Structure formats: C-alpha cells, structure tokens
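Here is the structure we will look at.
Remember, predicted model here, so these are calculated numbers, not experimental data. Numbers restart at 1 for each chain; the letters A, B, ... are given by sequence-line order, proteins then strands. Worth knowing before you read on, the calculation uses all heavy atoms, side chains too, and leaves out hydrogens, waters and symmetry mates.
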Amino acid sequence: MGKVVDSSIFRVKMFDVEKYERARCKVCGADFWSKIPRDNCNDAPCADYTFFDIKLGTSPLTVKEVRDKFLRFFNERGHTIIDPHPVVARWRDDLYLTIASIVVFQPHVTSGLVPPPANPLVIAQPCIRLEDIDSVGYTFGRHLTNFIMGGHHAFNYPNERVYFTHETVEYAKEFFTKEIGIPEEELTFKESWWEGGGNAGPCFEVAVGGLEIATLVFMMYDVTPEGYREMPLKIVDTGYGIERIAWLTQKTPTAFHAIYGYLVPKYHKLLNVSEPPEDLLKVAVKYVGRLNPKNPKLFELLKKNVSIELGMSLEEVSAYLDRTIKLYALLDYVKTAMLLLSDGVVPSNSGEGYLARLVIRRILRLLNVLGSDATLIHDLFDNQIKYWVDLYPQVRGKEAYIHDVLDHEVRKFNESLSKAPSLIRRYVVKGAKGLSEDELIELYDSHGIPPEVIADLSRELGVEVSVPEDFYNKLAARHSRAPVKKVVKSKIPEYVVTEVAGLPATKALFHEDPYVKEFTAEVVKVIKNYVVLDRTAFYPEGGGQEGDSGVLIVDGRKFKVVDTQKVGSVVIHVLEDSMPADYVGRRVVGVIDWDRRFNLMRHHTATHIILGVARKVLGSHVWQAGAEKTPLRGRLDITHYKSVSEEELKQIEELANKVIVEGREVKVHYMPKYEAEKRYGFVLYEGGVVLEPVIRVVEIEGLDAEACFGTHLKNTREVGALKIVKVERIADGVVRFEYVAGTQVSAYAQELESKIKKAEEVVGGDLNLRIPSLIKELETLKNKLNTYRKLYFNELKKSMYSELRSLGSVRYLVKYLADVEEELLKEVLQELTAENPDAVLIVATPRKAGGVNLEISEGRKASEVIKANELFKQVLTVFKGRGGGKADHATGYVEVENHVELIEVLESLLKNVLKA
RNA sequence: GGGCCGGUAGCUCAGCCUGGAAGAGCGCUCGGCUUGCAACCGAGAGGUCCCGGGUUCAAGUCCCGGCCGGUCCA
C-alpha cells in the first residue's frame, strides 16, 4: 500500500472562516496556507530569516516561560499535563532515544493496546535527535541535538472522538497569536508528510518569518514492511519547538543566546574564543535561513555577504564565525551529553552507550580544534548543570557520576589520540606521496582519529593532506545498509502457532501459586507432540527463564514434557513423543520437574537481588543489559563504565547474601501501567518492555521492582545462599556476573574441591606447599639441563669445526647426525657460519616420514660462491624431495635411506660447483 | 547487532603484502667514562610471535575457527 494523502484533509474549517489562501512555494513547490499572498512557503531554506523584524505582542520569553505558557494554554483547554519522560526511551526496544513527545506513547497507546494516561493531554518532553549533529552551530540554532518538544495529543478511537484537524489548527493559531503575540498574517501552514517511530501521517508545518515553530501531525498510518496501513486510531501528534519560540520572542542573534543566556559569554571566556560583534551576528543570521548544512559552499557565501555588508575583511569575518559556531555546537552537545548521562547512560562501544560516547567524543574533538585542553570539559559541564538543574531536575545528584564518566572518556580519547602519530607515520611511509581518501577514512573508521587531527599531524611529517568536503558521506557509504532486525525465531513450528492462535488463554497456575508441583487439567488441543491444556503449572519460557519440563499423565500413560513455550497467552507443552489426537477433552495430571524449576526460581530471584544490590553498590547508572537463568546458574549483564573492583565485588556478594539472610518478602502485584511507572520509574522494564495496561510487578522490598513474567520465591531466604563465580567485562561499559544459588552453591564448592583434590593427587600434597617446591625443582632442572646443553653445544661445535675441509675458497662439512635437537643444531650452525664466513655446512638428520631433513648453512663469503638454495636444487636433481631457501640458508627433505650415498653425492656436487 | 583495525621482548612498535635461522628504540642488569648526576661507550639478560586447526619440505608471515582489545556505524 502506498502513501495515501487525500489533500482534502488539509482543508480545515479555520482556513475558510479566516480567509486563508492556498498557494504553492516557488522554491520548494510545497503547497501552503497563508492569510496574505506569498511567493514562498515562509520556511527555511526557502525564505530568509525575517522574524527579527516582526513586531510581537509579547515581551521576550525564556525557554522555561514558553514551556509554562504552552502547558498552561492547553491545560486551560481541557488537556491533562503529563510529566516528561526520560530522554532515553527505556520503555521501547525499537528506539534508543526519545526523539519526539509521541514516542512516550508508542507503541502501547498508538497501537490501541493501552489507553493513554489522559485524553487529550499535553506534555513538554525533552528530546534528543542526533541525526543533525553535524549541522549544529552552522545554522545559528535552527538545528539542535536536544530540545523540548511541546506536544498536545488527542487519541481518537473508532467509537470515541476527541478532536482532529480542525481543532488542532485552531489551537495553533490561537496559541501563536494570543499567547505569543504573532500577527496572524505572519503565520503560514505548509502541507507536508511526517513519519517516525513506526507511524506516519499528513501534517502542517507552521512557520513565522522563515522559522518553523511547530508541526501538527495527523497520525493515521502504521509503517509496515509491506507499506502504509491505516490505523484504527487517529492521533493528533503536535510538536511545538519551545526553544525556537523563545528565540522568536527574544530576537537574539542566535537561538543559542536565547536558550543558554549567560552561558554564551561564559563559554567564550572559558574557551578563549572572541565574541563576534553583535552587528556581525545580526547581519549573518539573515542569511542563515538559506544555509544548507550539506553544502559548505553556502557558508562561504554567507561569510562573503557579511563581509561586504559590514565592510569587514573576509578573513576577520571567518576568524570570528569559524570558532564561534564551534562554541555554539559545544553548548548544545554538552547539554545533550548532560541529559544522557543524567538518565544513567553508560558510554560504551555498542548499544545506546555509543550514542553518549559519540556526543562526548564530538565535544573532545571540538575542544581539541579550539586549542583547549580536554580536561576543560569538566568546567563546561559544571556550568551547564548549574544553569539547567531547575528545568531538568533529573540532573540533580548526578554530578559525581557525570564527572567520573567524563574522566574515563577523556582518558580513553587521549589514549586513542596518543596512538595517532605512529599510526599516521605508518600510513604516510606506506603511501609515500600522502594519504589517500581511503586511508583517511580507514584511520577514522578503524582507529577513531578525526580527519582534522590527521591533517595536523601529517603536516608535521611534511605531508599535506586535504580532507574531502564530503568526508562523512563517504564514511557512511563504507558502512553498508543496516541489517534487517533479526526476527526472533519461535521454538514452535509455524503451523502449530497458527493452529493455536485462536485458543483461549491458558490459566496460569504457575502465577497463581508458583509452588504448585502437581495439578489436574483438561486437554484442549493436540498437534502431534504439542499439547495445550486449559490450565497449567508448567512455566513457559520467557523473561530469561527457561521453560519447565516434567510429565503429563493421561489414563496412567506418561508423556514426557521436554520444554514449555507460549504463543500469546496460550501455553504449549512440548512432548518427547506425540500424544494421540483423540485425547482432547481427557483429564490429565501434570507433574513438573520440581528440582529443576526450584533451581530456576532461586536463580531468577537471585538475579533480581544482584541487580538491586549492584545499583546500590555501583550507582543508579546500572541497568540490566541482558540476563539468563538456567537450573545450574544465573547470568546478569549490567551497564557499568569501569571494571568492578575486588572490593566492590565482595561488597555485592556480601550485601546479596545479607538480603537473603534477612528474609525479605518477594511481593507480586498487578498494577495499572501508569501507576507502576510513577511509583517505580522505568527501572521496571529492566527485563524487557511490557505492552499491557496492567503489568505484573515483582518487588523485593526496598531493593528492586521489575515488571516480570517469571516465577519467583516468596521470600529471599529461600535462595539459600549466593556465590558469584565469575565477573568479566564483555564489552566496554558492560559487566557480566555469573553466580550460583541454593544447592548449586554446594555443587559449585564440590566441583572446586574435586578439582583441587585431583590437582593435589597429581602434585602429591598440599597445593600451596607443593607448587612452590615444584617450581623450584623445575628451575634447578632447567639450570642443570642448560649446563649440559652448553657442554654438548660446545662439543658439537668443536667437532664440526675440526671436521671442516678446505676446498677452493671455502671450507666445507657434510655430516649425518642421528640424535640431535633441531634447535640446538640450528644454533651451532649459526654460530659456526657467523664465525667462519667461508664455511659451508651441510647436515642431514633423520626424518620421521622416511628419508632425511637436510639443512645447508653458509657463511657470508661462502654464500657468494655457492648459493645454498641453488645447491639444494641440484641435490633434488639426484634425489626426490622438496626444499628451498635463500643464499646462506636452505632447508628441506630428501628421499634417501643410504646416508653414505647422500654424503658422497653432496661432496661431489660441491666440488662440481666450485670447479665451475 | 554489524563493518573495519590490531594482538610479536617489561613498554612503544617494525617484520606479514611477496613463507626460508625472531628485530629496533626505550627500559632493565653488569662494566667503562665521571667528584656526582644526566649524557655517552661496551657487554648481557629478556619471546607460548593471543589460542586452536589447516596448507606447506618450511608459517610470526597464507587459509579457517575462536579469544581478547580498539574503533566506527546502527
């Protein structure tokens, strides 16, 4: 299905009533609505920035004031105010960042699975978008990596309409004209199309004086691999640019001045960047609307225009602007990184942590380019934290963590930079005449050395390197398309899934009482060895807990259950052998393998304990990055930015055992989604996202609360004991714990004991005593061996030397040695040839596969007369074999059993060569 | 999750393309020079060439698999 835009949706009532005209932009060709006639759509880059000249009916507003006005305006019109969510979208597994306010409600609300927390509602949501990261600064604040999106949303169900296009446009007009005081004739509504987070729909882009200040989306489609599919819900999804509106009212030369206030001069001072005169910025910003960040030539043109208009030299304009826009980018990047770190992101080389590292690396690179020390980053953050802590309360209390992480990142960055000179030298030498584009890209892609650093360093080496303008595009081309997301393969065959899909939900006895070991039920469906019952105590695989095994008994006949899975809320028992199809309707007794299940439960509850304890010991940036529970052991990956110290590990294990001994209650309660999120926060979704209105919360009092499907113990005491058996860093920023609980602790100890016992049997006694003495013994033997080896070495050398016979300009030796260590022989030959440049030494030794190994070794002078490899070739004309080498050394094998014959042949060959 | 780069002496690395006897600088030990230090000169010790297979007469080098680290991109 293709895009279906019925343009009648854009004919809203207000345009009729207020006499708006529909027109087409002469630059971009888009259709738009305006009260007065216009040539263009009034939006950058089709129009210059003219909003500075518009007289507004309000005084300048700060970001916070705009936000509050926005929330109040919609609240007064029946919208419930919703608290903003984190900038890291932990409630979603298809998205790392909160890129829009609607993301907060996707996909659980937009799909219709869960009702919205209120309807209609309004939210001021901090968002992060990194796709325009390269443009930040150049456009004086039109592009930012973080911003607050003011969104008012209405969710229209087929049987419950709230409001849609007409009211949305009316609200926009009213808000902008009455609250912000924009004259109505300055407003334009451009027809467009929006897509994001799996949904799409037509939209209006609202602009004033070249600046887009809001997008009004009418979300109507799901984006599927097959195309657009109409949604049952019709959703009003609006995005008001809070920062842009503040800029508009303040009329500062850049959005950065409006957003960051006193931080702008402060950063100029800290970074030692001169502030451009105000008229320079004011002149420049007019042209900024026309900038296309992908075309750097436009920026050069801008500078030229400014220099002409001000009568200032181009060099002076460049000197001001080039550095200042980098400073603007820093303001934005630092705030984005601050928000990411405040939400507990741990920088890493993969996953969401990479996004944090990406931003921090940009900051460090800009500091480098501006000639500041990397450690200045701490000051940059401190100032922003102070400035923003009121508007973003989540930053409070995170200062220590942020600085610790920054320290770590600065160190890593410096380490990779310190490797740069030698790496570049290697490439420069290789390439001779400089660095090719490919090499430039490889240096960045594989070693993280930014192109500007490469250019600097190679210049020092006397090689000019030019960085191509489209460097990052070329880099992108190197990374092939992102692979299609792997579809998790069901362990149940497709035909079973479809047959089972329509069945009523299986009653989950394992949830009602996780201690049920035996139960009776009725057979509902049989497909070969796949059996569905009306109720079951068999736990189906999920939430990182393996499915149960056990036995089903029908009329005394036993069927072994090897696995349990679920399709939707239907539980499928996987049998070893098929069950007769006519068993449907019969009574069945189910018995689960309780030993196995109880071990699973202990490891599952233990996993929650360790996670809770790790957060306490290491910090609130610790999130679950993966987990697995088997009957034998548990495994938990957490995010953490350094390796866990011995001390911390001990603390975690001790605290976990304390929690076990204390006997804390493990409570399971069902709770409305929004209430649970409010009470516990998004730590709930450690184990995965839950798309249901009511969620099952497993809570260990005062330690941990997670949305979890698994079976848990009633009390932590039942875990018995816990031992962490392994800790490793599986990726930068991710630490893996492996641990055993309950009876497995003893099993683990037994295993250790038997290992030690076996080892002690081998060494004969206490390991702690025997190993040092064995090492000593080994040393003594080594020394002795060395003594004898040296003796033999000298003997062999001496005897070989005495056997040298003169022949022309060389002295030679041909010898068969039956028992000699290969290494030792080589050493003797090397020394002899080094000391006797005229020596030609040929030694044959026995070869396991038959025949002999032949080694020809020559001194420097001798090798000029007779080339060892050529001599070998001649040997091979007489005997079968293979071999080769170089002038002073050749090796190989020869198929000959009679050594005397071999030696005779060699001697005659030698003589022949020397004669010729 | 994927691409790329790397793993050789205590450290920084060369050698790998094109297979043929394991290298350099720094550091270390000893000696010389010097009032002493630094520098300098001389000698020496120091190696699981990440691991496992394969190809080959021969593998640090080529091929396959794995481990570890780095880095870029989702």
### Message
Students often get this wrong, so: under 4.0 angstrom with heavy atoms, is A:G448 touching a base, only sugar-phosphate, or nothing?
### Response
sugar-phosphate
### Task
Once you apply the 3.5 Å cut-off to both distances, tell me the Watson-Crick or G-U wobble partner of B:A38, or none.
none
### Task
Rounded off to whole Å, could you give me the CD1-to-C1' distance for the A:I441 and B:U71 pair?
15 Å
### Message
For the C1' atoms, the ones on B:C5 and on B:A9, what distance do you get once it is rounded to whole angstrom?
### Response
23 Å
## Note on the structure
By the Watson-Crick or G-U definition, both distances under 3.5 Å, B:G44 is matched with B:C28
#### Entry: Under-4.0 Å salt bridge between A:D732 and A:R729
yes
### Same-atom distance (P) from B:C17 to B:C64, integer angstrom
14 Å
### Message
Does A:L355 reach a base, just sugar-phosphate, or nothing at all? Heavy atoms under 4.0 Å.
### Response
nothing
### Query
What residues, two or more places apart in sequence or in another chain, satisfy side chain to side chain donor-acceptor pair (under 3.5 Å) together with A:D407?
A:H378
### Task
Could you check how far CG of A:N869 sits from C1' of B:G19, rounded to whole Å?
14 Å
### Task
Would you mind reading off the distance between A:Y444 atom OH and B:G70 atom P, rounded to a whole angstrom?
17 Å
### Query
Tell me, which of residues 792-801 of chain A have any heavy atom that sits under 4.0 Å from an atom in RNA chain B?
none
### Message
Let's test your reading of the model: under 3.5 Å, does the base of B:G70 pair with the side chain of A:N349 as donor and acceptor?
### Response
no
### Message
If we count only N and O atoms by modelled type, under 3.5 Å, do the side chains of A:Q624 and A:D637 hold a donor and an acceptor together?
### Response
no
#### Entry: C1'-based separation of B:G32 from B:G69 [nearest Å]
44 Å
### Query
Between A:R729 and B:G70, is there a side-chain N or O to OP1/OP2 distance below 4.0 Å?
yes
### Nucleotide paired to B:G69 in any strand shown, Watson-Crick or G-U, under 3.5 Å
B:C5
### Atom P, compared across B:A24 and B:G15: separation rounded to whole Å
15 Å
### Query
Which listed nucleotide (B:C68, B:U71, B:C5) is nearest to the side chain of A:E728?
B:C68
### Query
Can you tell me how far P in B:A59 sits from the matching atom in B:G53, rounded to whole Å?
13 Å
### Short N-O contact, A:K867 and A:E858, less than 4.0 angstrom
no
### Query
Taking NZ from A:K867 and C1' from B:G20, how many angstroms apart are they, rounded to a whole number?
15 Å
### Query
Separation of A:L443 atom CG from B:C4 atom P, in whole Å?
16 Å
### Query
Over how many whole Å does the gap from A:K419 atom NZ to B:G70 atom P extend?
8 Å
### Task
Write down the partner of B:G23 under the Watson-Crick or G-U wobble criteria, each distance required to be under 3.5 Å.
B:C13
### Task
Could you tell me whether A:K861 and A:D838 have a side-chain N and a carboxylate O separated by less than 4.0 Å?
no
### Message
Quick one about A:S863 and A:D888 (side-chain donor to acceptor, distance below 3.5 Å, no hydrogens or angles considered), yes or no?
### Response
no
## Note on the structure
Looking only at heavy atoms, the pair that brings A:I133 and A:Y333 closest together is O-OH, 2.6 Å
### Task
Calculate the interatomic distance between A:E415 atom CD and B:C5 atom P; express it in whole Å.
22 Å
So which protein nitrogen or oxygen atoms get under 3.5 Å of nucleotides 21-23 of chain B's nitrogens or oxygens?
unit_1, atom_1, unit_2, atom_2, d
B:A21, OP2, A:K886, NZ, 2.3
B:A21, N6, A:S857, OG, 2.3
B:A21, N1, A:S857, OG, 2.9
B:A21, N3, A:Q830, NE2, 3.2

#### Entry: Pair A:Y228-A:D222, side-chain donor/acceptor within less than 3.5 Å
no
### Message
Protein within reach of the bases, or only the backbone? For nucleotides 48-61 of chain B, mark each nucleotide 5' to 3' as B, S or -, using heavy atoms under 4.0 Å.
### Response
---------B----
### Summary
Contacts of A:R90 meeting salt bridge (Lys or Arg N to Asp or Glu O under 4.0 Å) (sequence neighbours excluded), chain-then-number -> A:E352
### Message
Between A:Y893 and A:R847, is the side chain to side chain contact (heavy atoms under 4.5 Å, CB included) condition met? List the steps.
### Response
CA-CA 8 Å; A:Y893 83 99; A:R847 183 172 179 260; 3.4 Å; yes
### Query
Among side-chain atoms of A:H447 and A:E442, is any donor-acceptor pair under 3.5 angstrom?
no
### Query
Given B:C72, is OP1 or OP2 found less than 4.0 Å from the side-chain N or O atoms of A:R357?
no
### Message
Taking B:C30 as the reference, what is the distance to B:C37 when you measure between their P atoms (whole Å, please)?
### Response
13 Å
### Message
I'd like to know if A:K642 pairs up with A:E648 as an ion pair, taking the criterion as any Lys NZ or Arg NE/NH1/NH2 lying under 4.0 Å from an Asp or Glu carboxylate oxygen.
### Response
no
### Query
Can you tell me how far C1' in B:C62 sits from the matching atom in B:C49, rounded to whole Å?
16 Å
### Query
Between A:E831 and A:K826, does at least one N-O distance fall below 4.0 Å, as a salt bridge requires?
no
### Message
In whole Å, measure the gap between the P atoms of B:U29 and B:G65 for me.
### Response
46 Å
### Message
My understanding is that a pair needs two contacts under 3.5 Å, Watson-Crick or G-U wobble. By that rule, which nucleotide pairs with B:U56?
### Response
none
### Message
Tell me the interatomic distance from A:I99, atom CD1, to B:A74, atom P, rounded to whole angstroms.
### Response
14 Å
Name the atoms and distances for all side-chain donor-acceptor pairs under 3.5 Å in residues 95-102 of chain A, with sequence neighbours left out.
unit_1, atom_1, unit_2, atom_2, d
A:T98, OG1, A:P86, O, 2.8
A:T98, OG1, A:V87, O, 3.4
A:S101, OG, A:H153, NE2, 2.9

